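Let me begin by presenting the structure, written as structure tokens, before commenting on it.
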Amino acid sequence: MSEKFSDEPTRLATTIVPLFAGQTGEFVAVSSPDGGRVELTAGADAQDDCAVFRLAGEHDLVVGTDYVRGPKFRLYEMGHLDEYDLGYYLVAANLSDIAAMGAKPIGLLSVVRYPAEMDDALFALVMRGIRDACAAFGCLNVGGDIGGAERLILSASALGVCPAGRALLRSGAKPGDVVCLTAPTGPAGAAMAYLRSGVPDLVIDSLLPSLLAAWKRPVARVDEGLALGASGVVTSCQDTSDGLKAALLSIAESSGVGIDVDERSLPVPKAVAAVAAHVGVEPLSLVMGDSVDFELVFTVPSAQVDDLADAVGFHRIGVVTEGPEVVLTGNDGERVALPGETWRHQRDGKA
């Protein structure tokens, strides 16, 4: 197939409009018991300057923005991700923040800037990744911006709603609360650690697809976030996009508390343990470190944690304490600082 390079209006007409048509009919109105309602009255299909939502009743609007590097993703440059994967990842990264607030995502605004050498087929691949991820997480891409740039640049803003005053924050953890995690962390970091090592291993090669799934098809925990918000008992919540250690430190600082993590309760996936042994690090350094897994870590009063388990699956990994220390209690009973590195945005890219 020969390459085709269209201008922005043509790509809008031939790619964006067909991919995102019929949104006002596709949007499922968000209703609340008090009669509140959210409807989409003008989406990407309207091709107006902005999308329009009609909000009736008492709602809080939750808004977040996340930028995703394009070709500077290291795994993309190594050939493990393609343009579809980048578009999919962009959506998951943004909707994970909405999920962490216990909100219902109602729309995504995407920014896709592309270099002159990106042909129509590759542009469409990015947009299909965005569309399919939105469909997977029950959210529409209601607009945004496309146009030229010196390289592929991906960014988005996600919109969500929750009942007034019910957004989940990082600042409400109380001493005695149980610290919970929706699913094991570490696969994304393990994939990166193995591929960076440059030392092949047949066993880990067989596990690599499952590890790379954290990058290629990341899961924003939207359903879990909604259940946590609806429960009315969750005292704090944050996603682990900067790593589990970073999330725990942030909740502790925002809430003015300490956290004691129980090593015996921390789930360690077998593939993560295998990579840790291969590259010569402790498994918990991958589990706790800057692994981009988009899980939710949250706190719940001990008296209510059993009831919450009926609605959401999670691991109990520790307890909130009075003091400011955030520590790991090892299998030997010794209390030490949390292992692993926390993500720092000024460093070279996550992927």
Side-chain angles (χ1 to χ4, degrees), residues 4-32 36-57 59-68 70 83-99 103-114 118-149 152-162 217-218 220 222-223 226:
K4 183 178 179 182
F5 298 88
S6 300
D7 58 19
E8 180 182 342
T10 302
R11 286 184 171 180
L12 184 66
T14 61
T15 300
I16 302 297
V17 171
L19 281 177
F20 302 100
Q23 290 190 338
T24 50
E26 184 181 351
F27 184 82
V28 179
V30 180
S31 300
S32 58
R37 189 172 175 85
V38 179
E39 297 175 294
L40 176 67
T41 59
D45 51 347
Q47 292 302 300
D48 282 304
D49 289 322
C50 295
V52 179
F53 289 94
R54 179 168 297 147
L55 283 72
H59 298 279
D60 284 346
L61 180 65
V62 177
V63 182
T65 297
D66 207 346
Y67 157 78
V68 172
E83 285 77 8
Y84 181 96
D85 301 328
L86 296 182
Y88 201 103
Y89 187 97
L90 174 68
V91 175
N94 277 274
L95 294 188
S96 180
D97 289 334
I98 299 298
K104 169 69 176 177
I106 59 172
L108 184 91
L109 300 170
S110 60
V111 176
V112 179
R113 289 281 174 169
Y114 48 84
M118 174 173 274
D119 66 14
D120 289 8
L122 285 181
F123 171 75
L125 201 58
V126 175
M127 298 311 303
R128 284 201 297 272
I130 291 173
R131 179 201 60 185
D132 291 352
C134 282
F137 304 124
C139 176
L140 298 175
N141 182 11
V142 296
D145 179 60
I146 64 170
L152 179 62
I153 298 171
L154 300 173
S155 184
S157 295
L159 310 173
V161 292
C162 64
R217 299 295 179 271
V222 172
D223 290 342
L226 286 171

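Just so you know, these numbers come straight off a predicted model, no measurement behind them. As a basis for the values below, the full set of heavy atoms in this structure was taken, side chains included, without hydrogen atoms, waters or symmetry mates. Heads up: numbering here begins at 1 and tracks the sequence.
- Under the rule for a side chain to side chain contact (heavy atoms under 4.5 Å, CB included), Val28 has no partner lying at least two apart in sequence or in another chain.
- At distances below 3.5 Å, not a single donor-acceptor pair connects side-chain atoms of Glu83 with backbone N or O atoms of Leu125.
- Between Val62 and Cys162, the closest side-chain pair of non-hydrogen atoms falls below 4.5 Å.
- Residues passing the side chain to side chain contact (heavy atoms under 4.5 Å, CB included) test with Asn141, sequence neighbours excluded: Phe20, Leu108, Ser110, Met127, Ile130, Cys134.
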Stepwise side chain to side chain contact (heavy atoms under 4.5 Å, CB included) test for Arg113 and Leu152 = CA-CA 6 Å; Arg113 289 281 174 169; Leu152 179 62; over 6 Å; no
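- For Asp85, the salt bridge (Lys or Arg N to Asp or Glu O under 4.0 Å) test picks out Lys216, Arg217, with sequence neighbours left out.
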task = Check the pair Phe53 / Leu61 against side chain to side chain contact (heavy atoms under 4.5 Å, CB included), numbers first and verdict last.
result = CA-CA 11 Å; Phe53 289 94; Leu61 180 65; over 6 Å; no
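- In plain terms, the two heavy atoms of Ser6 and Lys4 that are nearest each other are OG-CE, 3.7 Å.
- No side-chain heavy atom of Val126 sits under 4.5 Å from any side-chain heavy atom of Leu86.
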Show me the donor-acceptor pairs, under 3.5 Å and distance only, between side chains in residues 11-19 and residues at least two apart or in other chains.
| unit_1 | atom_1 | unit_2 | atom_2 | d |
| --- | --- | --- | --- | --- |
| Arg11 | NE | Asp120 | OD1 | 2.9 |
| Arg11 | NH2 | Met118 | O | 2.6 |
| Arg11 | NH2 | Asp119 | O | 3.4 |
| Arg11 | NH2 | Asp120 | OD1 | 3.0 |
| Thr14 | OG1 | Thr10 | O | 2.7 |

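- With a 4.5 Å cut-off on side-chain heavy atoms, Ile106 and Phe27 count as touching.
- The side chain to side chain contact (heavy atoms under 4.5 Å, CB included) check on Ala220 picks up Leu95, Ser96, Phe137, Val222, with sequence neighbours excluded.
- With sequence neighbours left out, the side chain to side chain contact (heavy atoms under 4.5 Å, CB included) criterion links Glu39 to Ala29, Arg37, Arg54.
- Between Val112 and Leu154, some side-chain heavy-atom pair lies under the 4.5 Å cut-off.
- With hydrogens and angles ignored, the 3.5 Å screen pairs a side-chain donor or acceptor of Asn94 with a backbone N or O of Asp66.
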